Amino acid sequence: MKKTLAVITAAALAVSSAFVFAGCTPRDEKLRIYNWGDYMDESLIAEFESWYSETTGKKIKVEYDTFDTNEDMITRIEVQKEDYDLVCPSDYMAERMIKSNLVSKVNTEIFDMHRDDLFYDGLAEMITPFDANNEYFVPYIWGTFGIMYDTDKIAVGSDDMKTWEALWPSSKYNKRILMKNSVRDAYSVARIYENRARLSELSDGFTDYNAEYRAELNSYFSEISADTLNAAKATLIAQRSGLLKYEVDDGKNDMLAGTTDAWLGLFWSCDSGIIMNETNGKHFYYEVPKEGSNVWVDGWLIPKYAGNADAANYFLEFINTHEYAKTNFEYLGNTLAVKSVMDEAKSELEADTQFFAGTYPEFKQMYLDMMFPPAEVLARCGVMRDFGKAWSTELDSMWIDVKIS
């Protein structure tokens, strides 16, 4: 799971060199992929090119580009009409693309053989609200968001860390808190935090995550109005005085290196996993707060402007084949959607004594629950939904107001 800078750089150079010659490749011999940065073992690109040739008897050359935000990606597809064959948006952006008729259906004749293995337990139900028949969105990497904290600074299993209240100003953690510079994540957490009394009432003090509780929680991820936007804005402005700073990627590196005053923050489980996979990263703890949280799902779509949808479907078959999916998991260290790979990885981790050697007693179970969220965690998580284009500008404006307040 560990990725060194030398390995990443070498892989990037190899891929970049291959792309120099891709411009003269006929379009039907080219596969254009647009993915998040560092979101796939790029050695699999050459593997796919060989696999495709053996499988189809045809040549293929992969062009692999990366983006930083969902908004960057959608601009290239919706506005510029780029002919990418595969893109990897997050759940709410995938829903927007499906509703906007910007995607094509997956070729089920090629892909059906893997469908039973595509959905880790409980994942399919979270996707069906925006892709009812699972015919457009192919889940790839997923996880939760929660609070990660440094156990050298905060006691393991601290009750303070079991609630979103930890991220709002307090005498204990003032100016020790990192917050994601991400409007949808910040808005969602603010909605949960400001409604924590209501959620507690519905769940009998967070002991029974029943249907009524889940409906309320899911409404925070799927509904928006001027009133809820203004309430979240006020809540996030109130949070500012206790924050050390807003961050996206540098926070995890700073906490790992010990070059920050931060003790805790809002983190995605994948980034927490990256930290904990480092030799010196096992003094951290990840908690999904009791009030509720988010399950995020990034997955593949075939844009309607794709120039080679046929090759895109073959790539989906390839990347979800157990052998290659496992290689990808071992590189990424993130929770994949492929059930057989996750089941195998969990069994291997449970039996692994070396990885957990020298860690605090609670680390192993915490890490397993973070990587393979159990039913009791998923019961208090919802999936982000598309609010509609009209609200994108309003959300962005709100977020600017929060950060300059």
Side-chain angles (χ1 to χ4, degrees), residues 15-16 19 22-23 25-40 42 44-45 48 60-108 110-111 118 127 129-142 182-185 221-222 248 296-320 337 383-396 399:
V15 173
S16 299
F19 292 165
T25 304
R27 190 62 181 91
D28 63 352
E29 295 181 4
K30 186 188 302 182
L31 175 66
R32 302 192 68 213
I33 300 175
Y34 200 26
N35 195 8
W36 297 91
D38 200 21
Y39 225 42
M40 189 176 75
E42 293 182 12
L44 289 172
I45 291 174
F48 170 72
I60 198 72
K61 179 62 66 176
V62 175
E63 288 187 6
Y64 189 81
D65 295 333
T66 62
F67 57 85
D68 294 322
T69 69
N70 281 293
E71 289 66 32
D72 291 341
M73 181 277 302
I74 192 66
T75 298
R76 297 284 290 272
I77 301 300
E78 187 173 34
V79 179
Q80 300 174 14
K81 297 180 171 57
E82 285 259 16
D83 64 336
Y84 283 108
D85 303 308
L86 281 171
V87 296
C88 188
S90 300
D91 33 44
Y92 72 93
M93 188 59 71
E95 180 178 15
R96 172 178 161 181
M97 294 177 72
I98 292 170
K99 290 193 301 188
S100 300
N101 193 31
L102 288 172
V103 297
S104 301
K105 291 182 179 181
V106 171
N107 184 339
T108 55
I110 293 178
F111 201 59
L118 264 181
I127 295 168
F130 62 87
D131 185 15
N133 299 313
N134 302 133
E135 56 191 356
Y136 293 102
F137 183 76
V138 180
Y140 177 48
I141 297 176
W142 68 287
S182 169
V183 63
R184 279 303 304 261
D185 292 332
F221 295 112
S222 60
V248 177
W296 52 267
V297 188
D298 296 339
W300 302 105
L301 291 175
I302 301 176
K304 74 173 184 179
Y305 303 115
N308 196 347
D310 187 55
N313 279 290
Y314 275 107
F315 183 84
L316 292 175
E317 179 182 355
F318 168 85
I319 201 67
N320 287 290
V383 173
M384 283 186 191
R385 303 290 303 280
D386 175 42
F387 287 153
K389 292 182 186 179
W391 285 105
S392 296
T393 301
E394 296 294 330
L395 275 166
D396 290 341
W399 192 227

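A quick note: this is a predicted structure, and the numbers were derived from the prediction, not measured. FYI, side chains are in, hydrogens and waters are out, and symmetry mates aren't considered; it's all heavy atoms of this structure.
Under the salt bridge (charged side-chain N to carboxylate O under 4.0 Å, His left out) criterion, Lys304 pairs with no residue at all, not counting sequence neighbours. Scanning for ring-ring contact (aromatic ring centres under 6.0 Å, His included) contacts around Phe137 gives Phe130, with sequence neighbours left out. Under the salt bridge (charged side-chain N to carboxylate O under 4.0 Å, His left out) criterion, Glu78 pairs with Arg96, Lys389, not counting sequence neighbours. With sequence neighbours excluded, the residues forming a salt bridge (charged side-chain N to carboxylate O under 4.0 Å, His left out) with Arg385 are Glu95, listed by chain and number. In this structure Asp131 satisfies the salt bridge (charged side-chain N to carboxylate O under 4.0 Å, His left out) test with no other residue, sequence neighbours excluded.
For the pair Glu82 and Tyr305, the tightest heavy-atom approach, listed with the atom from each and the gap, is O-CB, 3.7 Å. The nearest pair of heavy atoms linking Thr69 to Asp72 is OG1-N, 3.0 Å. Here the closest heavy-atom approach between residue Leu31 and residue Phe48 is recorded as CD2-CE2, 3.6 Å. For Tyr39 against Trp36, the heavy-atom pair with the smallest separation is CB-O, 3.2 Å. The shortest non-hydrogen separation linking Val106 to Tyr136 is CG2-O, 3.8 Å.
In this structure, CH2 on Trp300 lies 13.0 Å from OH on Tyr34, to the nearest 0.5 angstrom. Atom CD1 of Ile74 is separated from atom OG of Ser100 by 6.5 Å, given to the nearest 0.5 angstrom. Taking CD1 of Ile98 as the start and NZ of Lys105 as the end, the distance is 11.0 Å to the nearest 0.5 Å. From Ile33, atom CD1 reaches atom OG1 of Thr66 across 12.0 Å, with rounding to the nearest 0.5 Å. From Asp386, atom CG reaches atom NZ of Lys99 across 4.0 Å, with rounding to the nearest 0.5 Å.
Using a 4.5 Å heavy-atom threshold, the side chains of Val383 and Pro129 count as separate. Two residues are said to be in side-chain contact when any heavy atoms from C-beta on lie closer than 4.5 Å; Asn35 and Tyr64 meet this criterion. In this structure the side chain of Val138 reaches within 4.5 angstrom of the side chain of Asn320, judged on heavy atoms.
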Mind listing the side-chain donor-acceptor pairs of residues 84-93 below 3.5 Å, one per line with the distance, residues two or more places apart or on another chain?
from	atom 1	to	atom 2	distance (Å)
Tyr84	OH	Asp65	OD2	2.7
Tyr84	OH	Arg76	NH2	2.9
Asp85	OD1	Arg27	NH2	2.9
Asp85	OD1	Gly307	N	3.0
Asp85	OD1	Asn308	N	2.7
Asp85	OD2	Arg27	NH1	3.2
Asp85	OD2	Arg27	NH2	3.2
Asp85	OD2	Arg32	N	2.7
Ser90	OG	Asn70	ND2	3.1
Ser90	OG	Asp298	OD1	2.7
Asp91	OD2	Val297	N	2.9
Tyr92	OH	Glu71	OE2	3.3

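A donor-acceptor contact shorter than 3.5 Å is absent between the side chain of Asn107 and the backbone of Asn313.
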Pair Asp396-Val183, side-chain contact (heavy atoms from CB on, under 4.5 Å): steps then yes or no: CA-CA 7 Å; Asp396 290 341; Val183 63; 4.0 Å; yes

